[in-house]
Amino acid sequence: MPGEIKPPPEGCDVHWPYRADPPQRLKRQDGMFARYLERGGLARPHEDVAGFLAAEPGNAGDMARFYFFCLILDQLAKEDVPGEFLELGTYKGGTATVLATMARKLGRTLYVLDTFEGFAAADLAGIDADKQMEFADTSLESVRSLVGGESVVFVKGYFPATAANLPPGARYALVHIDCDLYAPIKAALDYFYPRMSPGGFIIVHDYSSLHWDGAERAVDEFFADKPESLIPLTDGAGSVVTRKARAKPAGQAPVYGMWQSAAHGGLSDWLGAGWSAAEDWGVWGIGPAHTLLIPVLVEPERDLSLSLDVHASLLGARTTQEVDVLAGGELIATWRFTAAENRAVRSVRVPARTMLAEGGGQLAVELRPRDLRTPVALNPATPERRPLGVALHRIRTGSV
Ligand SMILES: C[S@@+](CC[C@H](N)C(=O)[O-])C[C@H]1O[C@@H](n2cnc3c(N)ncnc32)[C@H](O)[C@@H]1O
């Protein structure tokens, strides 16, 4: 009968009330699980699920969520992604038990972060102003007794303040963010993203839930200018997952028509002289000339369109800035920055002859700000002494 929920057949691995079929490799009745064991598969879903379902409210039998963790356990092992595990938002420990088991199997440490007293009142603001205090009916002691202490470090308190209690040099292979609200999720992405190993998983629960709107907003805002894309999952509350991009091989050519982010060192192999060290948002151009060395793969006889998402350092008496743009030493544009139109996408057509002058394989583009006064000279109250010119956020190239 359509809509009728039948109990699972005798001997079936599906848990009741069942919400997802196990992945085939983990299904005992299909014979694939034996093959999985022969191949060295690490998950033991029939044992590992106990804590996940035991912690009230037992994750409501959300087996799709559980099986996803089983699959990434093997993927982390297969690719040998280095780094620790971390969960922000643990409540009674249901997901932490699964992550702790995974961490022990892979010889990693799991950091478990929560107030263990529910939401912080300060976070129930803005987009989350309509939410109520929840999840206070737990304790560090009860979670510790469920999750176990081996290979687990419990960090009690308000995040992001508790970030100060994490090892400063730690790198992470898996970060599970399940704290529901905009402020801590955004703070967690800011903190953990730069600390992820290449290939490391960031999973944010509730993204597609339509209940926790702050989760969706925090994730969308954060990843808007990152190279990683988001993959929604089919678990009950609609988690979303992304994996930290692997480092690009030196000199990798741009993908035409796609934005390439300068955040977190993303464009480091395209930066010639005149740039700051990588910052979380991009890089500052420093001094009289900032040079971009852009690999060019299109036929060198065709012009190139080049778009930069940039803003200029404007402060004190410097209310405008003019920046000459040169390609292969030839002036091709002068961009004007004002307070009314500072950060913006600025585009220029780069003539093919300037690329030929560079040998056809690489294009040297220079940005030369005309007003070179330092911020401290413009406003003695600012500590900034570097002669800041143009801040670079993203680059997009395309053939014309
Ligand atoms: C939905 S529960 C986590 C459920 C758990 N991951 C599971 O599925 O078994 C959300 C947790 O996030 C924690 N939390 C929310 N905001 C926090 C913050 N700013 N700092 C620390 N913990 C926070 C709450 O205390 C609560 O325990």
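We number each residue from 1, following the sequence as shown. Reckoned from all heavy atoms, side chains included, excluding hydrogens, waters and symmetry mates. Atoms within each ligand, like the ligands themselves, are counted from 1 in listed order.
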Which pairs would a plain distance check flag for residues 73-85, meaning a side-chain donor or acceptor within less than 3.5 Å of a matching protein atom at least two apart in sequence or in another chain?
from  : atom 1 : to     : atom 2 : distance (Å)
Asp74 : OD1    : Tyr36  : OH     : 3.3
Asp74 : OD1    : Leu42  : N      : 2.9
Asp74 : OD2    : Tyr36  : OH     : 2.3
Gln75 : NE2    : Glu79  : OE2    : 2.7
Glu79 : OE1    : Arg243 : NH2    : 2.7
Glu79 : OE1    : Arg246 : NH2    : 3.3
Glu79 : OE2    : Arg243 : NH1    : 3.3
Glu84 : OE1    : Thr109 : N      : 2.8

> Is the Phe201-His176 ring centre distance short of 6.0 angstrom?
Replying inline: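 Not under 6.0 Å, so no.
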So, does [X] sit close enough to ligand 1 that a heavy atom of it is under 4.0 Å from the ligand?
| X | value |
| --- | --- |
| Ala55 | no |
| Thr115 | yes |
| Gly157 | yes |
| Lys92 | no |
| Leu113 | no |

Can you find an N/O atom of [X] closer than 3.5 Å to an N/O atom of ligand 1?
| X | result |
| --- | --- |
| Asp180 | no |
| Phe135 | no |
| His176 | no |

>> Can you classify the ring geometry of Phe52 versus Phe66 as parallel (below 30°), tilted (30 to 60°) or perpendicular (above 60°)?
In response: tilted
>> Can you tell me how the ring of Phe192 sits relative to the ring of Tyr172, calling it parallel under 30°, perpendicular over 60° and tilted otherwise?
In response: perpendicular
Side chains of residues 273-288: which donor-acceptor partners sit under 3.5 Å, not counting sequence neighbours?
from   : atom 1 : to     : atom 2 : distance (Å)
Trp275 : NE1    : Thr291 : O      : 2.8
Ser276 : OG     : Trp284 : N      : 3.0
Asp280 : OD1    : His264 : ND1    : 3.4

> Which residue and non-hydrogen atom of the protein lie closest to atom 14 (N) of ligand 1, and at what distance in Å?
Replying inline: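 Going by distance alone, atom 14 (N) of ligand 1 is nearest to Cys179 CB, 3.7 Å.
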> How far is atom 2 (S) of ligand 1 from its nearest protein heavy atom, and which residue and atom name does that atom have?
Replying inline: Tyr91 CB, 3.7 Å
>> For the CG atom of Asp21 and the CG atom of Leu26, what is their distance to the nearest 0.5 Å?
In response: 11.0 Å
>> Would you compute the distance between atom CG of Leu37 and atom CZ of Arg28 and round it to the nearest 0.5 angstrom?
In response: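 The distance works out to 10.0 Å.
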Give the numbers and elements of all ligand 1 atoms closer than 4.0 Å to a heavy atom of [X].
| X | value |
| --- | --- |
| Asp178 | 1 (C), 2 (S), 3 (C), 4 (C), 5 (C), 6 (N), 7 (C), 8 (O), 10 (C), 11 (C), 12 (O) |
| Gly94 | 9 (O) |
| Thr95 | 5 (C), 6 (N), 7 (C), 8 (O), 9 (O) |
| Phe159 | 18 (C), 19 (N), 20 (N), 21 (C) |
| Arg65 | 8 (O) |
| Pro184 | 16 (N), 19 (N) |

Are any of the side-chain nitrogens in [X] or [Y] under 4.0 Å away from the carboxylate oxygens of its partner?
| X | Y | value |
| --- | --- | --- |
| Asp48 | Lys105 | yes |
| Lys131 | Asp123 | no |
| Lys226 | Glu228 | no |
| Arg394 | Asp309 | yes |

> Looking only at non-hydrogen atoms, which of Val155, Asp114, Leu88, Val98 approaches atom 13 (C) of ligand 1 most closely?
Replying inline: Asp114
>> Counting only heavy atoms, tell me which of Ile177, Asp123, Thr138, Ile185 gets closest to atom 19 (N) of ligand 1.
In response: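 Closest candidate by heavy-atom distance is Asp123.
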